[in-house]
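Take a look at the structure set out below.
Letters A, B, ... mirror the listed sequences (proteins, then strands); counts begin at 1.
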Amino acid sequence: MRDGFSDGAVAAALLPWYDRHARDLPWRMGPAALAAGERPDPYRVWLSEIMLQQTTVAAVKDYFQRFTALWPSVTALAAAEDAAVMAEWAGLGYYARARNLLKCARVVASDHGGVFPDTEDGLRQLPGIGPYTAAAIAAIAFDRPAAVMDGNVERVVARLFAVETPLPTAKPELRLLTERLTPDTRPGCYAQAVMDLGATVCTPRSPACGICPLVAMCRGRAQGIAAELPRKAPKQAKPTRQGIAYLALRTDGAVLLETRPDKGLLGGMLGWPGTDWTEAPPPEAPPLAADWHDPDLEVRHTFTHFHLRLRVLLARVPQDAQPERGSFHPRASFRPASLPTVMRKAWDVAAGAWPKD
DNA sequence: AACACGGGGTT
DNA sequence: AACCCAGTGTT
């Protein structure tokens with residue numbers, strides 16, 4: 001007993017709520033199917049959890065459907081071409097996830113016979129699987145009583161216990177509370193229940209305490225500070241960087257693209273050749289000699305830690321053009337959707353601004 | 001422990 | 001336009 005209710009009371013209140021309100025998601029095995037003895041496919045659980053890192057359910061849904069249609073199993077994914085996987089991931093962000101996804105699939109295929117480890121510790125050893133994801137897969141796919149703590153859980157627990165310590169300092173404290181609340185029965189459903197509650201009821205702003213199954217035990221609510229929790233350390237301002245992107249269109253319609261280095265921003269993704277992105281205006285650095293036009297186009301895009309103002313220069317180039325950087329991709333196989341968002345924006349603003357000849 | 005790493009949503 | 005959200009890997 002602690003704070004007026006037993007550790008099991010939270011799960012006891014949350015599981016019936018989940019049984020009624022569990023969202024129907026492409027990767028989720030609902031409470032009814034689980035009760036009938038079905039088990040989730042660990043591959044689908046893993047894939048969804050990687051995609052859901054730092055990313056909303058709404059953004060993930062279509063990507064998950066395309067990935068599972070193209071690669072229905074971890075062995076199928078392990079055999080995919082790097083470029084094909086990166087192209088399918090384009091637009092979802094945090095591209096290191098896609099590189100680690102492929103690494104992980106290949107380790108599972110080659111070192112584990114295509115079968116995911118079924119323990120938190122085993123999962124934790126795989127590329128791209130950290131503390132949260134290892135616990136989530138162990139709980140959801142293998143029904144192990146792992147303490148699953150993501151941002152939603154941090155918020156729910158901080159409010160439930162009125163934890164006023166700011167993040168990230170509060171993490172160890174919240175983890176301890178999360179561990180104590182994790183039940184031995186139906187831990188997979190419980191983990192999804194807390195995260196669903198955080199996503200749909202105990203929201204960052206304007207939480208719907210009136211319909212919350214935990215309202216009776218919520219100390220944050222009792223103290224009138226629920227909506228202010230969790231407190232967070234102030235974040236620093238983003239600087240603005242500038243750069244130039246060079247879009248070259250060959251006579252036959254082919255476009256000049258380069259694959260970015262694996263390390264760093266947009267690593268491993270296709271992009272337009274260009275300058276570095278720096279706070280001072282960069283010197284011009286065209287990837288080939290051409291009559292570069294400046295139609296005064298600018299793309300604005302915000303990354304995790306800086307704003308970018310990207311100037312877009314255009315050129316039509318002859319069939320025999322020899323680029324110093326990048327390679328020409330035939331128009332027929334070039335899909336703007338296979339570019340990261342900032343690069344797709346550059347293509348979009350260029351439409352209608354191409355020089356006549 | 002601090003930093004790098006996207007994109008989308010809301011206000 | 002400014003603000004919000006938030007796991008993993010690297011250093």
Side-chain angles (χ1 to χ4, degrees), chain A residues 46-63 86 88-104 107 120 123-137 146-158 166-172 174-175 178 191 194-195 198-200 202-207 227-241 260-271 277 298-310 337-346 348:
Chain A
W46 163 73
L47 179 60
S48 67
E49 288 300 340
I50 300 298
M51 288 183 165
L52 287 165
Q53 290 167 4
Q54 310 290 93
T55 310
T56 60
V57 164
V60 163
K61 274 186 178 168
D62 290 350
Y63 283 86
M86 298 312 286
E88 284 303 317
W89 196 276
L92 201 53
Y94 285 111
Y95 298 97
R97 292 184 296 170
R99 301 194 299 274
N100 286 328
L101 184 84
L102 208 35
K103 272 189 207 165
C104 181
V107 170
E120 207 174 343
L123 290 159
R124 185 68 184 76
Q125 304 308 311
L126 295 167
I129 299 186
Y132 160 73
T133 307
I137 299 173
V148 179
M149 190 173 82
D150 72 344
N152 289 304
V153 179
E154 287 177 359
R155 185 169 58 255
V156 170
V157 173
L167 287 169
T169 311
K171 279 202 184 238
L174 295 173
R175 165 150 292 281
T178 299
V194 188
M195 294 191 282
T200 63
C202 194
T203 49
R205 283 176 291 202
S206 312
E228 301 162 24
L229 301 178
R231 303 200 196 284
K232 303 203 169 181
K235 45 198 62 170
Q236 52 184 350
K238 297 181 200 297
T240 297
R241 296 185 191 170
R260 300 170 62 89
D262 264 357
K263 301 254 179 203
L265 194 69
L266 309 180
M269 299 300 293
L270 279 178
W277 299 341
E298 189 183 72
V299 166
R300 288 169 184 263
H301 189 78
T302 299
F303 292 95
T304 315
H305 53 295
F306 66 92
H307 303 289
L308 175 67
R309 285 169 36 186
L310 186 65
S338 70
L339 300 177
T341 299
V342 66
M343 301 296 176
R344 185 187 49 71
K345 282 184 184 174
D348 289 346

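Contact record, A:Asn152 with A:Gly198: OD1-C, 3.4 Å, taken as the closest heavy-atom pair.
Across all strands, A:Pro168 comes closer than 4.0 Å to no nucleic acid atom at all (heavy-atom distances). Among the atoms of the strands shown, only primed sugar atoms or phosphate atoms (P, OP1, OP2) are found under 4.0 Å from some heavy atom of A:Gly264.
Counting only residues at least two apart or in different chains, side-chain hydrogen bond (donor to acceptor under 3.5 Å, both in side chains) contacts with residues 47-58 of chain A comprise A:Glu49-A:Tyr132, A:Gln53-A:Thr133, A:Thr55-A:Arg97.
Here A:Thr169 pairs with A:Thr165 under the side chain to side chain contact (heavy atoms under 4.5 Å, CB included) rule; sequence neighbours left out. For A:Arg175, the salt bridge (charged side-chain N to carboxylate O under 4.0 Å, His left out) partners are A:Glu179, not counting sequence neighbours. Contacts of A:Tyr63 classified as ring pair (Phe, Tyr, Trp, His ring centres under 6.0 Å), with partners at least two apart in sequence or in another chain: none.
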Quick tally for nucleotides 1-11 of chain C: nucleotides whose base has a protein heavy atom under 4.0 Å get B, sugar-phosphate-only ones S, the rest -, giving ---SSBBSS--
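When rounded to the nearest whole Å, the span between CZ of A:Phe306 and P of B:dC3 equals 16 Å. Atom CZ of A:Arg97 and atom C1' of B:dA4 are 14 Å apart (whole Å). Atom-to-atom, NZ of A:Lys61 to C1' of B:dG8 comes out at 15 Å; the value is rounded to the nearest Å. As a whole-Å value, the separation of A:Arg260 CZ from B:dG6 C1' is 12 Å. Between the CE atom of A:Met343 and the P atom of B:dG6 there is a distance of 11 Å, given to the nearest Å. When the C1' atom of B:dG7 is taken as reference, atom CZ of A:Phe303 falls 10 Å away, rounded to whole Å.
Nucleotides C:dG9 and B:dG8, compared at atom C1', are 23 Å apart to the nearest Å. Atom C1' of B:dC3 sits at a distance of 15 Å from the matching atom of C:dA6, rounded to the whole Å. Taking the C1' atoms as reference points, B:dG9 lies 23 Å from C:dT8, given to the whole Å.
The ring-ring contact (aromatic ring centres under 6.0 Å, His included) test with A:Phe303 singles out one residue from A:His301, A:His307, A:His305, and that residue is A:His301.
Between A:Thr56 and B:dG9 there is no side-chain polar atom (N or O) within less than 4.0 angstrom of OP1 or OP2.
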Identify every side-chain donor-acceptor pair in residues 260-268 of chain A under 3.5 Å, counting partners at least two apart or on other chains, and give the distances.
from: A:Arg260; atom 1: NE; to: A:Leu265; atom 2: O; distance (Å): 3.2
from: A:Arg260; atom 1: NH2; to: A:Leu265; atom 2: O; distance (Å): 3.2

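DNA chain B is contacted by both A:Gln236 and A:His301; A:Gln236 maps to the nucleotide lying nearer its 5′ end (nearest heavy atom per residue).
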